[in-house]
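Keep in mind that this is a model prediction, so the values were computed, not measured.
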Amino acid sequence: MSESALLPKGKTGRKHDTMILHIQGLILMVLLILALSSAFGVLGRTIAMEVIDRSGLISGPSLNIEEALTGESSYLDVLTASPYGGSSGEILFKIMRIWGVVGYVFAFACLAAVIVMVILMKKRIAMILADPTPFEKPVRVKKGAFVWLGFLLGAYGAHLFLLKKKKAWIYLGLGIVGMSVPILFLYTSGISFSDAFLACFYEKDAEGCIEMEDYPYWI
């Protein structure tokens, strides 16, 4: 481990790009959480509408086709009528509609932001790969194991054990505690996703191994 927890100011090159990649990974995790939350919100709204409809808590439409056929109401009134009768039903209907629109818009916005962030991460990885500077402390690992452990169990530092770093045990502790303190789990997940994503683009040798640079900083 370095004496400094953060990359020194003014540092450029591959380590600086790696720091930015890690930050992008953290942002990506936040966006994914927001996208998942919005998806559950849309699902909750759908379930709530179904429960209300089936429970009969709100009376049915105040206008129907029979009224239009008998001339009591026009077809325009029927088409524009709220599916819930009464003022309370009307308010509930509007709330549900707003909830639905906001939920879908937010979900698609988060999804678009996730796609943009992945593209930005890919561009940053291209800059890292193009850097001709030799690795300061290269570590040889199996590419497949590193990538899969990073994606699936990286929140618990599983891929770092392949690098034989003490930080792996710290990540394991942060991941376990992070099950109760989400921000810690978000941190380890974001950094690990970035490392695994980067490893995907390194060319493996005949033995299926790649060289990863030892990055001692926390971001």
Measuring only between side-chain heavy atoms, which start at C-beta, is Leu160 closer than 4.5 Å to Leu163? yes
Given side chain to side chain contact (heavy atoms under 4.5 Å, CB included), test His159 with Ser192 step by step and report yes or no. CA-CA 8 Å; His159 65 304; Ser192 300; 3.1 Å; yes
Give me the atom names and distance for the closest heavy-atom approach of Ser194 to Gly190. OG-O, 3.0 Å
Minimum heavy-atom separation for Ala113 to Leu31, with atom names? O-CD1, 3.7 Å
Could you check if a side-chain atom of Leu198 sits within less than 4.5 angstrom of a side-chain atom of Leu21, using non-hydrogen atoms only? yes
Is the NZ or CZ atom of Lys143 positioned over Trp148's six-membered ring, under 6.0 angstrom from the centre and within 45° of the axis? no
OG1 of Thr18 to CD1 of Ile219, rounded to nearest 0.5 Å, is 13.0 Å
Measure the spacing between SG of Cys200 and CZ of Phe146 and express it to the nearest 0.5 Å. 10.0 Å
Would Met212 and Arg140 count as a side chain to side chain contact (heavy atoms under 4.5 Å, CB included) if you check the C-alpha gap in whole Å, the side-chain angles of each, and the deciding distance to 0.1 Å? CA-CA 6 Å; Met212 295 294 297; Arg140 193 164 180 266; over 6 Å; no
Ile210 vs Asp205, side chain to side chain contact (heavy atoms under 4.5 Å, CB included): CA-CA, chis, key distance, verdict: CA-CA 7 Å; Ile210 59 174; Asp205 58 22; over 6 Å; no
Restricting to non-hydrogen atoms, name the atom on Leu172 and the atom on Phe161 that form the minimum distance, rounded to 0.1 Å. CD2-CZ, 4.4 Å
Does Tyr156 use its side chain to pair, donor to acceptor, with the backbone of Gly173 at less than 3.5 Å? no
Are Ile183 and Val177 connected in a single hydrophobic cluster, I mean Ile/Leu/Val/Met/Phe/Trp/Tyr linked by side-chain heavy atoms less than 4.5 Å apart? yes
Take atom OH in Tyr202; do more than 12 heavy atoms of anything else shown fall under 6.0 Å from it? yes
With distance as the sole test, does Lys142 use its side chain to make a donor-acceptor pair with the main-chain N or O of Glu207 at under 3.5 Å? yes
Minimum heavy-atom separation for Leu162 and Leu149, please, with both atom names. CD1-CD1, 3.8 Å
Would you say the side-chain atoms of Arg14 pair up with the backbone N or O of Thr133, donor to acceptor, closer than 3.5 Å? yes
Between Ile115 and Tyr104, is there a shared hydrophobic cluster once you connect ILVMFWY residues whose side-chain heavy atoms come closer than 4.5 Å? no
Check: Ala35 main-chain N/O paired with Ser38 side-chain donor or acceptor under 3.5 Å: yes
Does atom CZ of Phe201 have more than 12 heavy-atom neighbours from other groups under 6.0 Å away? yes
The reported gap from NZ in Lys166 to CD1 in Ile170 (rounded to nearest 0.5 angstrom) is 9.5 Å
Side-chain heavy atoms of Pro216 within contact of Glu136, under 4.5 Å: no
For ring pair (Phe, Tyr, Trp, His ring centres under 6.0 Å), just list the numbers for Tyr215 and His22, CA-CA rounded to whole Å, side-chain angles, deciding distance to a tenth of an Å, and then say yes or no. CA-CA 11 Å; Tyr215 186 83; His22 285 168; 5.1 Å; yes
Does Tyr217 offer a backbone N or O that forms a donor-acceptor pair with the side chain of Lys167 under 3.5 Å? yes
Are Val105 and Ile33 linked, directly or through intermediate hydrophobic residues, by side-chain heavy-atom contacts shorter than 4.5 Å (ILVMFWY only)? no
Ring centroids only, cut at 6.0 angstrom: are Phe151 and Phe193 within range, meaning strictly under it? yes
If you draw a 6.0 Å radius around CZ in Phe108, do more than 12 non-hydrogen atoms from other residues or ligands fall strictly inside? no
Say you draw a straight line from CE of Met127 to CG of Leu129; how long is it, rounded to the nearest 0.5 Å? 11.0 Å
So, taking the atom named CD in Glu213 and the one named CG in Asp195, what distance separates them when rounded to the nearest 0.5 Å? 11.5 Å
If two hydrophobic side chains count as joined below 4.5 Å and joins carry through other members, does Ile125 share a cluster with Ile119? no
What's the shortest heavy-atom distance between Phe185 and Gly178, and which atoms? CB-O, 3.5 Å
Knowing that exactly one of Leu28, Ile20, Val116 qualifies, which makes a side-chain contact (heavy atoms from CB on, under 4.5 Å) with Met121? Leu28
Indicate, with yes or no, if Val118 and Leu111 share a hydrophobic cluster defined by side-chain heavy-atom contacts under 4.5 Å among Ile, Leu, Val, Met, Phe, Trp and Tyr. no
Nearest heavy atoms of Cys110 and Leu34, plus distance in Å: SG-CB, 3.7 Å
Straight-line distance of Leu7 CG to Met19 CE, nearest 0.5 Å: 5.5 Å
Using salt bridge (charged side-chain N to carboxylate O under 4.0 Å, His left out) as the criterion, list what pairs up with Lys165, not counting sequence neighbours. Asp214
Tell me, do Ile191 and Trp218 make a side-chain contact under 4.5 Å, heavy atoms counted? no
